[in-house]
Amino acid sequence: GNSVTQMEGPVTLSEEAFLTINCTYTATGYPSLFWYVQYPGEGLQLLLKATKADDKGSNKGFEATYRKETTSFHLEKGSVQVSDSAVYFCALITWRGGATNKLIFGTGTLLAVQP
Amino acid sequence: DAGVTQSPTHLIKTRGQQVTLRCSPKSGHDTVSWYQQALGQGPQFIFQYYEEEERQRGNFPDRFSGHQFPNYSSELNVNALLLGDSALYLCASSLMNQPQHFGDGTRLSIL
């Protein structure tokens with residue numbers, strides 16, 4: 001079945017450090033890939049997305065490239081801030097004849113940025 | 001433009017009771033999905049509603065049921081609550097082929 005595997009946390013970084021959170025997937029067909037972020041006590045916010053191979057999603061300094069050959073969608077940011085501290089979820093969706101389908105999530109990676 | 005709103009924000013119940021959670025989708029969205037997020041885990045898909053019908057269902061027992069109203073809002077009902085039902089319940093809304101937008105969730109605690 002379809003699944004998402006992401007690196008376990010917590011990831012602890014100093015402010016302005018480079019961030020990478022690894023995500024790999026298994027899916028039939030051609031999934032769309034997402035990164036969601038969850039701040040303490042809140043729901044999930046869509047951070048970025050990519051809908052086909054070699055697409056790069058980007059938002060707020062975060063980037064991820066859809067790599068079909070390695071089935072990966074790693075999240076990167078060049079310089080993290082304390083305000084980036086949150087849990088990050090990698091997710092995929094496969095489309096059924098154009099109908100909206102269910103999201104499949106990884107287990108999440110806690111990022112803690114220290115000043 | 002209001003996003004996805006869920007109520008209540010927190011709820012405490014005892015084993016065996018029943019609970020109803022509510023969700024209003026983002027304006028213009030017609031599809032509502034429900035997810036259960038246990039502590040320290042990723043969200044797990046419960047079911048999805050479109051045109052007032054359940055279109056998909058995840059691996060959850062029949063104690064979990066739902067409804068979608070003509071205005072696209074939705075309810076999640078859970079009967080015979082178990083301790084293991086304690087979780088954050090997330091509602092997400094979307095349009096066909098578009099990303100899902102999440103509410104802040106309802107934190108359900110079972111004593």
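Keep in mind the model is a prediction, meaning the values are calculated, not measured.
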Could you tell me whether [X] atom [atom1] has more than 12 heavy atoms of other residues or ligands within 6.0 Å of it?
X      : atom1 : value
A:Y25  : OH    : yes
A:K77  : NZ    : yes
A:Y39  : OH    : yes
B:L111 : CG    : yes
A:E69  : CD    : yes
B:N71  : CG    : yes
B:R63  : CZ    : yes

Interchain contact, B:Q6 with chain A, by part (heavy-atom threshold 4.5 Å):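 Neither the backbone nor the side chain of B:Q6 comes within 4.5 Å of chain A.
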
What distance separates A:K102 NZ from B:Y35 OH, expressed to the nearest 0.5 Å?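 It comes to 9.0 Å.
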
Hey, does [Y] have a side-chain heavy atom less than 4.5 Å from the side chain of [X]?
X     : Y      : answer
A:F89 : B:P43  : yes
A:Q45 : B:H101 : no
B:Q44 : A:L103 : no

By a 4.5 Å heavy-atom criterion (distance strictly below it), what part of A:L46 contacts chain B: side chain, backbone, both, or neither? side chain

Best-contacting candidate, B:G105, B:P99, B:G40, against chain A by heavy atom pairs under 4.5 angstrom: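 The option with the most such pairs is B:P99.
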
The test is side chain to side chain contact (heavy atoms under 4.5 Å, CB included); show your working for B:Q100 and A:L44 and say whether it passes. CA-CA 10 Å; B:Q100 296 179 26; A:L44 276 70; over 6 Å; no

If we ignore hydrogens and angles and just use 3.5 Å, is the side chain of B:D104 paired with the main-chain N or O of A:E42 as donor and acceptor?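 Side chain of B:D104 to backbone of A:E42, a donor-acceptor pair under 3.5 Å: no, none is there.
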
Quick check, are the ring centers of B:F45 and A:F105 under 6.0 angstrom apart?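 No - the distance between ring centres of B:F45 and A:F105 does not fall below the 6.0 Å cut-off.
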
